[in-house]
Amino acid sequence: MAKTIEEIQKKLDSNEAIVMTAEELKMKLKNDEEVSIDDVDVITCATSGVMSGTTALFHIPVAEPGSFTKAREVYINGIPAYPGPCPNELLGSVDVILYGTNHSSTIDEYGGGFLLKDLLMKKEVEVKVIDMEGNEFIRNVTIDDMQTARIIGTRMAFKNYNSFTNPDTSAQKSIFNVSPMEGPYNSYSFSGCGDINPLQNDPQQDIIKQGYKVLLNGAEGIVIDNGTRSTPEKPNLLLTADMKEMNPYYMGGFKTGLGPEVFNTVAVAIPVLNEEILDHLRVLNREIELPVCDIHGRHLPIDIVDYSIWDDAQLRPILHPDQCFHCIPCLCELYCPVNAFHKKPEIDNELCYGCGYCSVVCPRGVPEIDMKQIAINVNDKEKIIPVTCRQSDKKRALQMAEELKDAIINGTYKL
């Protein structure tokens, strides 16, 4: 029997609706439990991953009105931002666009993602403006000083991802791995949260379409449209939300072999309106294809695996401090993409992204995490490759899906 969103919202308002996270639904299906349209009203899905299409729009006060006519260049903690399109003539403030993938010229291994997280954590950042005459104006600000601070994700929450290995003997730099990827066929990096990912659960976008509400890094946002490079087979989303309402835990920088990137977390509620929507929600990791490509380019396919690498995988490393030799340098600290590892040894759980790379580089096995392995066919020979880097964090995705579920149940988030 079909339902409407209005009918489901009325059930929610009267505490009669059944809301589950995607993970809860998948566990029921894996346990061979029957789930009908009468058994569930809303499913909350989420994904967290490196999302290079992240931009930020800021309005920043810099100097007294009349101090300069027009900004020519703007830098925030050494990261270039782009003034305009409005010149803000003589106002002493600037509108700027900042890319999450831009790198700082003054702070090593620091990019837009790390800056955005610093702003969300209420830290001061240095803004430098160079006007059309070459005069410099410098001011330290926080996000509270900005009238506007908004994230615009030009492509987020992809339904389909590629994954990567290196067939060559020489290491290859790439944004798809924490450091230059070694080879041949001894490293594997992937992205995507599999069967809890929003667009995997709504592949025809019956629900997730223009104007639909989402959570972006914990803030209520909307789908503007499908994102750049989106296709019906491989859709992604153009999203926006107010940064001032975001949770810094869900967003930040992520260092790669080609410099810092940016990660985000997106959650979406899918009302179960009919059998077709429920049927799409029944998708499991083993049914979702994950193409394996040559790290030298996404246009170089090798084989196809699936997202069962998430099934029963550990989401965070276990530490064995007694095995630590206090190496100088500490490779875990050196290569941690989110600066969560400290050579005491300890891991900052608020920063850790569960990528697992610390367990790969540590010669003493101090951090340990089972990230499983894949099997691919190359020239009629099977290659078994360990997962060495995850650029998506299922733990953060699960947490945001749970947060969205709670907000829907307590009425603070309406469909």
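Everything numeric here is computed off the predicted structure, so don't read it as measured data.
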Within 45 degrees of the ring normal and closer than 6.0 Å to the centroid, is that where the cationic atom of Arg396 sits relative to Tyr249?
yes
Is there a donor-acceptor contact under 3.5 Å linking the side chains of Arg155 and Thr228?
yes
Give, for atom CD of Glu23 and atom CD1 of Ile43, the distance between the pair rounded to the nearest 0.5 Å.
11.5 Å
Side-chain donor-acceptor contact under 3.5 Å, Lys26 with Asn201
yes
Could you walk me through whether Lys255 and Glu261 pass the salt bridge (Lys or Arg N to Asp or Glu O under 4.0 Å) test, one step at a time?
CA-CA 6 Å; Lys255 291 180 285 188; Glu261 285 274 329; over 6 Å; no
Provide the closest heavy-atom pair for Ala17 versus Asp41 in the form atom of the first, atom of the second, distance.
CA-OD2, 3.3 Å
Between Leu239 and Ile222, is there a side-chain heavy-atom distance shorter than 4.5 Å?
no
Around atom NZ of Lys173, are there more than 12 heavy atoms from other residues, nucleotides or ligands closer than 6.0 Å?
no
Taking CD in Glu64 as the centre, count heavy atoms belonging to other residues, nucleotides or ligands within less than 6.0 Å. Is the count above 12?
no
Ring centres under 6.0 Å, that's the criterion: do Phe263 and Tyr353 meet it?
yes
So with a 6.0 Å cut-off around CZ of Arg286, is the heavy-atom count from everything else above 12?
no
When Asn226 is tested against each of Lys209, Gln210, Gln205 for side-chain hydrogen bond (donor to acceptor under 3.5 Å, both in side chains), which residue passes?
Gln205
Got a sec, which residues hit salt bridge (Lys or Arg N to Asp or Glu O under 4.0 Å) with Asp303, two or more places apart in sequence or on another chain?
none
What I want to check is whether the side chains of Asp306 and Ser308 have a donor and an acceptor closer together than 3.5 Å.
yes
Give a yes or no on whether the backbone of Ile277 and the side-chain of Asn274 come within a donor-acceptor separation of less than 3.5 Å.
yes
So with a 6.0 Å cut-off around NZ of Lys10, is the heavy-atom count from everything else above 12?
no
Are the side chain of Gln200 and the backbone of Asn197 linked by a donor-acceptor contact shorter than 3.5 Å?
no
Checking the side chain of Gln391 only, and the main-chain atoms of Ile175 only, is there a donor and an acceptor separated by less than 3.5 Å?
yes
Evaluate the side-chain proximity of Ile224 to Leu237: yes if any heavy-atom separation is below 4.5 Å, no if none is.
no
Check the pair Phe164 / Tyr188 against ring pair (Phe, Tyr, Trp, His ring centres under 6.0 Å), numbers first and verdict last.
CA-CA 6 Å; Phe164 298 91; Tyr188 176 72; 8.7 Å; no
When you look at Lys70 and Asp131, which way does the salt bridge (Lys or Arg N to Asp or Glu O under 4.0 Å) test go after all the steps?
CA-CA 6 Å; Lys70 184 178 179 182; Asp131 71 6; over 6 Å; no
Nearest heavy-atom neighbours spanning Leu281 and Leu25
O-CD2, 3.5 Å
Any idea which heavy atoms bring Ala63 and Phe137 closest together, and the distance?
CB-CD2, 4.0 Å
Met371 versus Gly356, closest heavy-atom pair with distance:
SD-CA, 3.5 Å
Go through the steps to decide whether Asp311 and Lys30 satisfy the test salt bridge (Lys or Arg N to Asp or Glu O under 4.0 Å), and finish with yes or no.
CA-CA 11 Å; Asp311 292 341; Lys30 290 172 187 176; 3.3 Å; yes
What I'd like to find out is whether the side chain of Val141 reaches to under 4.5 Å of the side chain of Val125, using heavy atoms alone.
yes
Would you mind reporting whether Pro317 and Cys352 have side-chain heavy atoms less than 4.5 Å apart?
yes
Sub-4.5 Å side-chain heavy-atom contact between Tyr75 and Glu126
no
Where the side chain of Ser163 meets the backbone of Phe190, is there a donor-acceptor pair that is under 3.5 Å apart?
no
Are Glu133 and Arg72 within salt-bridge range, i.e. N to O under 4.0 Å?
no
Measure across Cys327 and Pro363 and return the closest heavy-atom pair with its distance rounded to 0.1 Å.
SG-CG, 4.5 Å
So, Asp202 side chain and Ile208 main chain: donor-acceptor pair closer than 3.5 Å or not?
yes
NZ of Lys213: more than 12 outside heavy atoms within 6.0 angstrom?
yes
I'd like to know if the side chain of Asn264 pairs up with that of Thr54 as donor and acceptor (distance under 3.5 Å, no hydrogens or angles considered).
yes
So, Asp393 versus Tyr250: side-chain donor-acceptor pair below 3.5 Å or not?
no
Considering only heavy atoms from C-beta outward, does the side chain of Asp95 approach that of Tyr82 to under 4.5 Å?
no
Has Glu24 got a side-chain atom pairing as donor or acceptor with Thr21's backbone, closer than 3.5 angstrom?
yes
Which is it for Asp144 and Lys122 under the salt bridge (Lys or Arg N to Asp or Glu O under 4.0 Å) test, yes or no, and what are the steps along the way?
CA-CA 8 Å; Asp144 291 332; Lys122 307 289 187 176; 3.0 Å; yes
Ser189 side chain vs Phe176 backbone, donor-acceptor pair below 3.5 Å
yes
Answer yes or no: is there a donor N or O on one side and an acceptor on the other, between the side chain of Thr165 and the main chain of Ser187, under 3.5 Å?
yes
Keeping the roles fixed (side chain from Asn285, backbone from Asp195), state whether a donor-acceptor pair exists under 3.5 Å.
yes
Would you mind reporting whether Arg390 and Ile369 have side-chain heavy atoms less than 4.5 Å apart?
yes
Would you say the ring centroid of Phe341 lies under 6.0 angstrom from that of Tyr335?
no
What's the verdict on side chain to side chain donor-acceptor pair (under 3.5 Å) for Asp168 and Ser170, showing C-alpha distance, side-chain angles and the deciding distance?
CA-CA 6 Å; Asp168 291 348; Ser170 57; 4.9 Å; no
Within the 3.5 Å criterion, strictly below it, is a donor on Asp13 or Gln9 matched to an acceptor on the partner's side chain?
yes
When you look at Tyr110 and Asp118, which way does the side chain to side chain donor-acceptor pair (under 3.5 Å) test go after all the steps?
CA-CA 11 Å; Tyr110 184 85; Asp118 284 346; 2.8 Å; yes
Is the number of heavy atoms from other residues, nucleotides or ligands under 6.0 Å of Lys3 NZ greater than 12?
yes
Within the side chain of Lys244, is there an N or O that forms a donor-acceptor pair under 3.5 Å with the backbone of Met146?
yes
Can you tell if the side chain of Ser230 reaches within under 4.5 Å of the side chain of Pro235, non-hydrogen atoms only?
yes
Over 12 non-hydrogen atoms of neighbours within 6.0 angstrom of CG in Asp312:
no
Who pairs with Tyr161 by ring pair (Phe, Tyr, Trp, His ring centres under 6.0 Å), at least two apart in sequence or on another chain?
Phe158
Which of these, Leu115, Thr55, Val74, Leu119, sits in a side chain to side chain contact (heavy atoms under 4.5 Å, CB included) with Leu98?
Leu115
Looking only at heavy atoms, what is the nearest atom pair of Val129 and Ala71, with distance?
CG1-CB, 3.7 Å
For residues 223-238, which residue pairs pass the salt bridge (charged side-chain N to carboxylate O under 4.0 Å, His left out) check, not counting sequence neighbours?
none
Testing Thr106, Asn102, Asp108 one by one against Ser104 for a side-chain hydrogen bond (donor to acceptor under 3.5 Å, both in side chains), which residue passes?
Thr106
